[in-house]
Protein chains: 2
Amino acid sequence: MSTVGRQTYRHGDLRETLLSAGLEMAREGGPDAVVLREATRRAGVSPNAAYRHFADRRALLLAVSATAQGLAANSMEAAIAAIPTSGDPKVDAREGLRAVGLGYLAFARTEPGLFRTAFSVPDDLSNAESPAKAGSGGRTPFQLLAGVLDRLVEAGAMPRERRAGAELLAWSSVHGLGMLMIDGPLRGLTEDMIEDASARLVDMVARGL
Amino acid sequence: MSTVGRQTYRHGDLRETLLSAGLEMAREGGPDAVVLREATRRAGVSPNAAYRHFADRRALLLAVSATAQGLAANSMEAAIAAIPTSGDPKVDAREGLRAVGLGYLAFARTEPGLFRTAFSVPDDLSNAESPAKAGSGGRTPFQLLAGVLDRLVEAGAMPRERRAGAELLAWSSVHGLGMLMIDGPLRGLTEDMIEDASARLVDMVARGL
DNA sequence: TGTCATTGTGGACAGTGTACACATGTGGGA
DNA sequence: TCCCACATGTGTACACTGTCCACAATGACA
């Protein structure tokens, strides 16, 4: 491929360009749709140029995944921001938990490709607070969840002895519904059923935590 | 490819052979590792022979997925069978629910590749009771779950008005933990942490349903 | 026995990830 | 200011994938 559509030999910001090309492909078709050669094609660059910025396809995918997690965080933050304060700290804390869960699920529903790319690429809890995964508010999905759980304890709406590891429980439930809705056996549910299931699920978590 | 290692031109049971080859690949590397050509290679047959039995790679993958769901059902049934009866129907029903969840999670942990192949391939609830997905007891994972939920209601351990759609809630929670453990951000958890999280999760579900 | 649908083969093609050698710019020290 | 090392992009090549097409072997049944 020659340097068509570009005057300079250097691209200028290839890494970023590849990343957003990858993000776009992920949006349309999930992690499997993130293909390296296509990204370089969209960037107007030869296939191998990508290897100057990403060790391999996997590395690109991880970067895309992190970015997608940031977008998920945005959705969660938006849901948090939308809840009116009631004055009662307990109620507010519970609403915060609900909002985090519903924001996560809303992201799954509106951006299924990105959701799958964000959370079904092999990763590790040790990276859960990496700034690359933060939304515009500066916090990652994991940090947002941890935050509302902390508030829940402080407000006395959740026994302190159950706090440790509660992220995993809450996250699991919501994540599972998201996955089953998207490419698991729960596809084909109507919008209403999804809405209903989402609400009931976060209630169940709030009750059971 | 010639008919090496095989005297007859006809293979005899190619469909089944491809299926178990696919299952083996899925076991080792999840859905992405199920590659059509490799399956035919293992069956000692030319690549195109597969197309006499499966429309395309996707069809093979779906068949493998169904088989894997049957294996998951086996794991769940084993967990159910292992619980001692207490005499108290309420207690028994709750233990049944726990067993179903823990059996599902045990399968996820011991057969991560098969688990992902079973439950993260696009499917539909309308196929949830397909005999192809049944375990040796003749019931699919979905049917097993529905069964324990029914018992829960009959035993009076769960309000009847919450029964509808409860499968989705219970399934979501347990499925989410499984996925996050395997290739999501919850990898790297120690055996103990997983054990603990699993137990707490099913308790949460039992409490919150 | 002859016919014909079923099952398998062979060759081909486009597309993928990635390795290796090479080309082209650019910034920092002489 | 020159020049060169280093970063970045190109070209070629290879092995591998899914899948299409035309053809060959086989076995069941008329």
Side-chain angles (χ1 to χ4, degrees), chain A residues 1-26 28-65 113 116-117 121-122, chain B residues 1-65 113 116-117 121-122 183:
Chain A
M1 174 169 294
S2 55
T3 64
V4 279
R6 173 167 40 105
Q7 303 312 329
T8 58
Y9 182 81
R10 297 287 214 263
H11 176 283
D13 197 7
L14 185 51
R15 196 197 136 90
E16 201 56 34
T17 305
L18 291 174
L19 195 64
S20 50
L23 199 69
E24 205 44 50
M25 293 185 278
E28 291 162 14
D32 291 353
V34 175
V35 16
L36 213 154
R37 284 181 101 109
E38 172 67 17
T40 62
R41 223 172 285 133
R42 296 190 187 186
V45 118
S46 85
N48 286 323
Y51 289 90
R52 301 297 172 192
H53 301 274
F54 298 97
D56 51 12
R57 187 194 105 99
R58 204 184 116 74
L60 170 61
L61 190 57
L62 275 176
V64 172
S65 167
R116 285 165 51 207
T117 308
V121 160
Chain B
M1 173 168 295
S2 57
T3 65
V4 279
R6 173 167 38 107
Q7 303 312 330
T8 57
Y9 184 81
R10 299 285 214 261
H11 177 282
D13 197 8
L14 186 51
R15 197 197 135 90
E16 201 56 35
T17 305
L18 291 174
L19 195 64
S20 49
L23 199 69
E24 204 46 48
M25 294 185 277
R27 166 173 281 129
E28 291 161 13
D32 290 353
V34 176
V35 16
L36 213 155
R37 283 181 102 107
E38 172 66 18
T40 61
R41 223 172 285 132
R42 295 191 187 185
V45 120
S46 85
N48 285 325
Y51 289 91
R52 301 296 172 192
H53 302 273
F54 299 98
D56 52 11
R57 187 193 105 96
R58 205 183 115 73
L60 170 60
L61 190 57
L62 275 176
V64 171
S65 167
R116 286 165 52 206
T117 308
V121 160
D183 56 14

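- Summarising the geometry of B:Ala26 relative to B:Val34, their closest heavy-atom pair is CB-CG2, 3.7 Å, with the distance given to 0.1 Å.
- Residues from residues 53-64 of chain A placing a heavy atom under 4.0 Å of any atom in DNA chain C, listed by number, are A:Asp56, A:Arg57.
- Counting to the nearest Å, the C1' atom of D:dT8 and the CG atom of A:Leu14 are 9 Å from each other.
- No donor-acceptor contact under 3.5 Å links the side chain of A:Arg37 to the base of C:dT16.
- Rounded to a whole Å, the CZ atom of A:Arg42 is 15 Å from the C1' atom of C:dT16.
- Per the geometry, CG belonging to A:Asp32 stands 11 Å off P belonging to C:dG17, to the nearest Å.
- The minimum heavy-atom distance between B:Leu18 and B:Leu60, with the atom names listed, is O-CD1, 4.1 Å.
- Between the side chain of B:Asn48 and the base of C:dG11, at least one donor-acceptor pair of N or O atoms lies under 3.5 Å.
- Straight-line distance from the NE2 atom of B:His11 to the P atom of D:dT26: 16 Å, rounded to whole Å.
- Closest non-hydrogen pair, A:Phe54 versus A:Ala63, comes out as CE2-CB, 3.8 Å.
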* Structure fact -> Pairing string of DNA chain D (Watson-Crick or G-U wobble, both atom distances under 3.5 Å; | = paired to other strand) is ||||||||||||||||||||||||||||||
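- Applying the 3.5 Å distance criterion, the base of C:dG8 shares a donor-acceptor pair with the side chain of B:Arg52.
- Inter-residue side-chain proximity for A:Ser20 and A:Arg42 is flagged as unmet; no heavy-atom pair is nearer than 4.5 Å.
- B:Leu18 places its CG atom 14 Å from the C1' atom of D:dG18, with the value rounded to the nearest Å.
- When every heavy atom of A:Arg57 is checked against every heavy atom of A:Pro31, the shortest pair comes out as NH1-O, 3.8 Å.
- The shortest non-hydrogen separation linking B:Val35 to B:Met25 is O-CE, 3.5 Å.
- Distance, B:Arg15 CZ to C:dT7 P: 12 Å, rounded to whole Å.
- Here the nucleotide nearest the side chain of B:Ser46, chosen from D:dG18, C:dT6, C:dT9, is C:dT9.
- Listed by chain and residue number, nothing satisfies the side chain to side chain contact (heavy atoms under 4.5 Å, CB included) test with A:Arg52 (two or more places apart in sequence, or in another chain).
- At least one donor-acceptor pair closer than 3.5 Å links the side chain of B:Ser65 to the backbone N or O of B:Thr117.
- Shortest non-hydrogen contact noted between A:Thr17 and A:Ala43 is CG2-CB, 3.7 Å.
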